[in-house]
Number of protein chains: 2
Amino acid sequence: MNGRFQIAVHILTLLHSAGDESLSSEYMAGSINVNPVLVRKELSNLRKAGFVKSKEGNTGGYMLAKPAQQISIADIYKAVEQSPLLGKARNVPNPACPIGQQIDQHMYALNTQLIHLVTDHLGQQTLKQFYNQFK
Amino acid sequence: MNGRFQIAVHILTLLHSAGDESLSSEYMAGSINVNPVLVRKELSNLRKAGFVKSKEGNTGGYMLAKPAQQISIADIYKAVEQSPLLGKARNVPNPACPIGQQIDQHMYALNTQLIHLVTDHLGQQTLKQFYNQFK
DNA sequence: TCATCTGTAATTATTTTTGTTACAGTACAA
DNA sequence: TTGTACTGTAACAAAAATAATTACAGATGA
């Protein structure tokens with residue numbers, strides 16, 4: 001279980017809080033306390049997902065590409081797109097066993113239900129609302 | 001992200017399907033396709049949680065300790081009790097940063113919401129119902 | 001043209017997860 | 001009563017996943 005979702009939310013919260021000032025990956029890495037390259041990798045992903053715009057070169061940096069009201073937490077979650085919510089098996093179960101043969105599909109179905117549940121819930125919370133909790 | 005939840009569900013499904021016959025960890029490991037010691041470790045956890053009873057010695061093995069109707073998927077999830085649903089950060093954010101200082105608590109709150117959501121949902125599905133999906 | 005940044009690849013280090021070995025203890029059965 | 005087939009754990013090793021580091025090309029403004 002990795003920390004990409006946390007990093008993504010942290011990044012976007014920082015960028016929102018910065019308003020129209022751009023932030024460097026180095027600065028954000030300092031707040032998240034993680035390696036700057038990891039931050040740039042996630043920023044690259046968030047840029048492709050349309051949440052962030054970047055400028056290269058001296059005085060370069062990152063900004064939100066759209067208002068925080070228009071970014072839901074579910075959007076962020078989907079952009080980061082992790083493995084199954086309840087963990088995933090590394091080995092395929094024994095197909096010679098009646099249970100082993102079918103369990104993957106039922107676990108998959110369970111996961112699908114949960115993804116819907118979670119994204120529906122997170123879809124009702126915007127980045128702006130998340131930020132507004134900060135004092 | 002590990003596979004403990006999958007293993008736990010697989011174990012319990014196997015035990016339910018076996019009725020009043022007991023199964024060995026070796027047999028279950030063969031169906032799950034995972035190391036027997038890992039299965040015994042999870043069984044040990046499931047036993048402490050009251051789902052499973054075991055018998056040592058020759059002709060020993062494992063059985064459900066209560067009917068599958070009385071075990072919800074949420075119960076299993078809680079017994080396995082993993083890390084935050086959406087992943088967890090390894091490093092603590094910078095307390096000198098206004099965002100870094102507070103983000104953990106807000107992420108924690110988010111996670112708590114999701115845990116409720118998910119356990120409410122999984123609380124309505126029993127192991128028996130899960131098993132009945134198998135053909 | 002220099003300094004400061006992004007963007008990305010390649011490699012190494014660390015941590016987490018799983019597998020393996022080992023063995024004491026239990027219980028049944030021959 | 002002795003052998004066999006299990007459970008229950010601990011200790012260690014291997015493998016996989018994650019994060020850190022190094023490196024550097026390219027962009028851009030001062």
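Each chain gets a letter, A, B and so on, in the order its sequence line appears, and its residues count up from 1.
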#### Entry: Side-chain N,O (A:Arg47) to OP1/OP2 (C:dT6) below 4.0 Å
no
### Summary
Which of C:dG19, D:dG8, D:dA19 is nearest the side chain of A:Leu38? It is D:dA19
#### Entry: Quiz item: A:Asn35 side-chain donor-acceptor pair to D:dT21 base, under 3.5 Å
no
### Positive for side chain to side chain donor-acceptor pair (under 3.5 Å) with B:Ser25, one of B:Lys41, B:Glu42, B:Arg40
B:Arg40
### Query
Is there a side-chain polar atom (N or O) of B:Thr59 under 4.0 Å from OP1 or OP2 of D:dC6?
no
### Summary
When rounded to whole Å, the NZ to P distance for the pair A:Lys41 and D:dT21 reads 12 Å
### Task
Kindly point out which of D:dG8, D:dT9, C:dG7 is positioned nearest to the side chain of A:Arg40?
C:dG7
### Query
Does B:Ser44 place a side-chain N or O at less than 4.0 Å from the phosphate oxygens OP1/OP2 of D:dT9?
yes
### Message
With a 4.5 Å cut-off on side-chain heavy atoms, are A:Tyr108 and A:Thr112 touching?
### Response
yes
### Message
How many whole angstroms separate atom CZ of A:Arg4 from atom P of D:dA20?
### Response
14 Å
### Query
Whole-Å distance between C:dT6 P and A:Leu46 CG?
14 Å
### Query
Which sits closer to the 5' end of DNA chain D, A:Lys55 or B:Lys55, going by the nucleotide each is nearest to?
B:Lys55
### Query
How many Å lie between CG on B:Asn33 and P on C:dT20, as a whole number?
11 Å
### Task
May I ask you to decide if B:Leu85's main-chain N or O and B:Asn111's side chain share a donor-acceptor pair within less than 3.5 Å?
yes
### Task
Indicate whether the side chain of A:Gln125 and that of B:Gln113 have a donor and an acceptor atom separated by less than 3.5 Å.
yes
### Nucleotide C:dG19, atom C1' - distance to CD1 of B:Ile7 in whole Å
11 Å
### Task
Whole angstrom is fine here: how far is it from CG in A:Asn45 over to P in D:dA19?
14 Å
### Summary
Whole-Å distance, B:Tyr27 OH to D:dA5 C1', equals 18 Å
#### Entry: Spacing between B:Ile32 atom CD1 and C:dT18 atom P, to the nearest angstrom
12 Å
### Task
Do nucleotides 12-17 of chain C as a string where each nucleotide becomes B, S or -: B if the base has a protein heavy atom under 4.0 Å, S if just the sugar-phosphate does, - if no protein is that close.
---SSB
### Query
Among all residues two or more places apart in sequence or in another chain, which pass the side chain to side chain donor-acceptor pair (under 3.5 Å) test with B:Gln6?
none
#### Entry: Parallel, tilted or perpendicular, as decided by the 30° and 60° cut-offs, for the rings of B:Phe130 and B:Phe134
perpendicular
## Note on the structure
Taking C:dT6, C:dC28, C:dG25 as options, the one with an atom nearest any side-chain atom of B:Glu56 is C:dG25
### Task
Identify which nucleotide among C:dT6, C:dA9, C:dT21 has an atom closest to any side-chain atom of A:Val37, counting heavy atoms from C-beta outward.
C:dA9
### Task
Among D:dA20, C:dC5, D:dG29, find the nucleotide with the atom closest to the side chain of B:Asn91.
D:dA20
#### Entry: pair A:Gln70-A:Thr126: side-chain heavy atoms closer than 4.5 Å
no
### Query
Below 4.0 angstrom from OP1 or OP2 of D:dG8, is there any side-chain N or O of B:Ser54?
yes
### Polar contact flag, side-chain donor to acceptor under 3.5 angstrom, B:Asn132-B:Gln129
no
### Query
Do any side-chain nitrogens or oxygens of A:Tyr62 fall under 4.0 Å of OP1 or OP2 in C:dG7?
yes
